[in-house]
Number of protein chains: 2
Amino acid sequence: MARNRPYTCGLDAAIDVVGGKWKATVLWTLEDQGPLRFGELRRAIPAVTEKMLIQQLRELEADGLVHREIYHQVPPKVEYSLTDFGRTLEVALRPLGDWGHANMARIEATHP
Amino acid sequence: MARNRPYTCGLDAAIDVVGGKWKATVLWTLEDQGPLRFGELRRAIPAVTEKMLIQQLRELEADGLVHREIYHQVPPKVEYSLTDFGRTLEVALRPLGDWGHANMARIEATHP
DNA sequence: TCAGGTACTCACCAAGACGTCAGTACGGGA
DNA sequence: TCCCGTACTGACGTCTTGGTGAGTACCTGA
């Protein structure tokens, strides 16, 4: 994302955190379907590539929104889940998600 | 912005609309300070360049979020204001803005 | 022995978002 | 007469974002 600091308002900061192409989808999927393994997450979001998923997950983890639990097994198993902090974001994001859902037809129509 | 259609959830659509680098700031400024002339808006957001401001305003106008009122005067006068639709977005955006405001220190600290 | 599944990493590339800078038409004021 | 301020437009370049496709280590089961 195009970092824009220092932030002029809270919105800037929030969109900075959630503005990656797949971050909203990842957050929404993790909230909806609970802890998921990497492969499960990838299958839950078919359009994302492995590289992008990993990149977005790393950034969400760095921001403290997502927890990464490694199980030392073979084959490897890594589980991703929302942190408490991530859940507060999810709550703050919900009205925006509802707005987008309610106006999706309009948005798709007006976008080139 | 990186359009991501068809949208998988409302959040995608909403972030598509509001994800431009300056759009949140513009929306917030217009909501906060009422109808503003182009020059006033530019002075209210010092870091933005003219070209970017115009571009973002055009997109917000195309999305029906901002109204552009032209006064046929010399020197020219153009006033921008939120539409009713834009105001519904602003309402949906507020929890996210509050979240960003409340966690700004944390966000600034964890971002490289 | 060898393919398969796990969760990655890395090099390279294309598209587009963003920025810089110059230029436009118009009339008012010095 | 010339410069100023208004609200733009357009060419050009750069830098970030995201995508492609390859390769990695490990153990399991056939």
Side-chain angles (χ1 to χ4, degrees), chain A residues 1-5 7-8 12 15-27 29-30 35-63 66-81 111-112, chain B residues 1-8 12 15-26 29-30 35-63 66-81 111-112:
Chain A
M1 274 271 92
R3 308 283 174 201
N4 196 15
R5 299 160 52 197
Y7 301 122
T8 54
D12 277 346
I15 289 188
D16 212 356
V17 164
V18 89
K21 182 168 179 186
W22 301 102
K23 290 192 185 167
T25 311
V26 168
L27 249 22
T29 306
L30 284 180
L36 290 176
R37 300 181 58 168
F38 178 78
E40 295 172 328
L41 206 44
R42 194 162 57 83
R43 281 186 291 274
I45 313 173
V48 77
T49 62
E50 291 197 348
K51 180 202 149 193
M52 285 314 298
L53 222 207
I54 290 168
Q55 195 180 101
Q56 305 280 294
L57 283 168
R58 289 287 138 85
E59 291 181 26
L60 292 170
E61 192 195 357
D63 285 334
V66 159
H67 174 70
R68 180 161 173 264
E69 182 76 35
I70 305 162
Y71 297 84
H72 292 285
Q73 306 175 350
V74 168
K77 170 176 175 180
V78 180
E79 227 176 41
Y80 293 91
S81 54
H111 271 311
Chain B
M1 272 271 91
R3 310 279 173 205
N4 196 15
R5 299 161 53 199
Y7 300 122
T8 54
D12 278 345
I15 289 186
D16 214 355
V17 165
V18 89
K21 182 168 178 186
W22 301 101
K23 290 192 184 167
T25 312
V26 169
T29 305
L30 284 180
L36 290 177
R37 299 182 59 169
F38 178 78
E40 294 171 328
L41 205 43
R42 194 162 57 84
R43 282 187 290 274
I45 313 173
V48 78
T49 63
E50 292 196 349
K51 183 202 151 196
M52 283 315 297
L53 222 207
I54 291 167
Q55 195 180 99
Q56 306 280 295
L57 282 168
R58 289 288 137 87
E59 291 181 26
L60 291 170
E61 193 194 358
D63 284 335
V66 159
H67 174 71
R68 179 161 172 263
E69 183 76 34
I70 305 163
Y71 297 84
H72 292 285
Q73 308 175 349
V74 166
K77 169 175 175 181
V78 179
E79 227 176 41
Y80 293 91
S81 54
H111 271 310

> Once each nucleotide of nucleotides 7-14 of chain D is scored for protein heavy atoms under 4.0 Å, what B/S/- sequence comes out, 5' to 3'?
SBB-B---
> Starting from C1' on D:dG19, measure out to CD on A:Q56 and report it in whole angstrom.
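One finds 13 Å between C1' of D:dG19 and CD of A:Q56, rounded.
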> Quickly work out the A:K21 NZ to C:dG16 C1' distance and round it to whole Å.
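It works out to 11 Å between those atoms.
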> Mind calculating the distance between CD1 (B:I15) and C1' (D:dT17) to the nearest angstrom?
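Taking CD1 of B:I15 and C1' of D:dT17, I get 16 Å after rounding.
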> Would you say that A:R58 contacts A:R68 through its side chain, given a criterion of any heavy-atom pair below 4.5 Å between the two side chains?
yes
> Using a 4.5 Å cut-off on heavy atoms from C-beta on, say whether the side chain of B:L41 contacts that of B:L30.
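Side-chain contact under 4.5 Å: yes.
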> Specify the separation, in whole Å, of atom CG of B:L57 and atom C1' of C:dC18.
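So the two atoms are 16 Å apart, to the nearest Å.
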> Output the distance between atom CZ (A:R37) and atom CZ (A:R42), rounded to the nearest 0.5 Å.
11.5 Å
> Taking CD from A:Q73 and P from C:dT6, how many angstroms apart are they, rounded to a whole number?
13 Å
> Do A:L57 and A:F38 make a side-chain contact, defined as non-hydrogen atoms from C-beta onward lying under 4.5 Å apart?
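Of all side-chain heavy-atom pairs linking A:F38 with A:L57, at least one is under 4.5 Å.
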> Do the side chains of A:K23 and A:E59 get nearer than 4.5 Å, heavy atoms only?
yes
> Find the distance A:Q55:CD to C:dT9:P and express it as a whole number of Å.
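Between P of C:dT9 and CD of A:Q55: 11 Å.
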> How long is the line joining CZ of A:R43 and C1' of C:dA7, in whole Å?
12 Å
> Expressed as a whole number of angstroms, how long is the span from A:L53:CG to C:dC10:C1'?
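After rounding, the reported distance stands at 17 Å.
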> Checking side-chain contact (heavy atoms from CB on, under 4.5 Å) between A:W22 and each of A:V48, A:L60, A:L27, A:T49, which is the one that passes?
A:V48
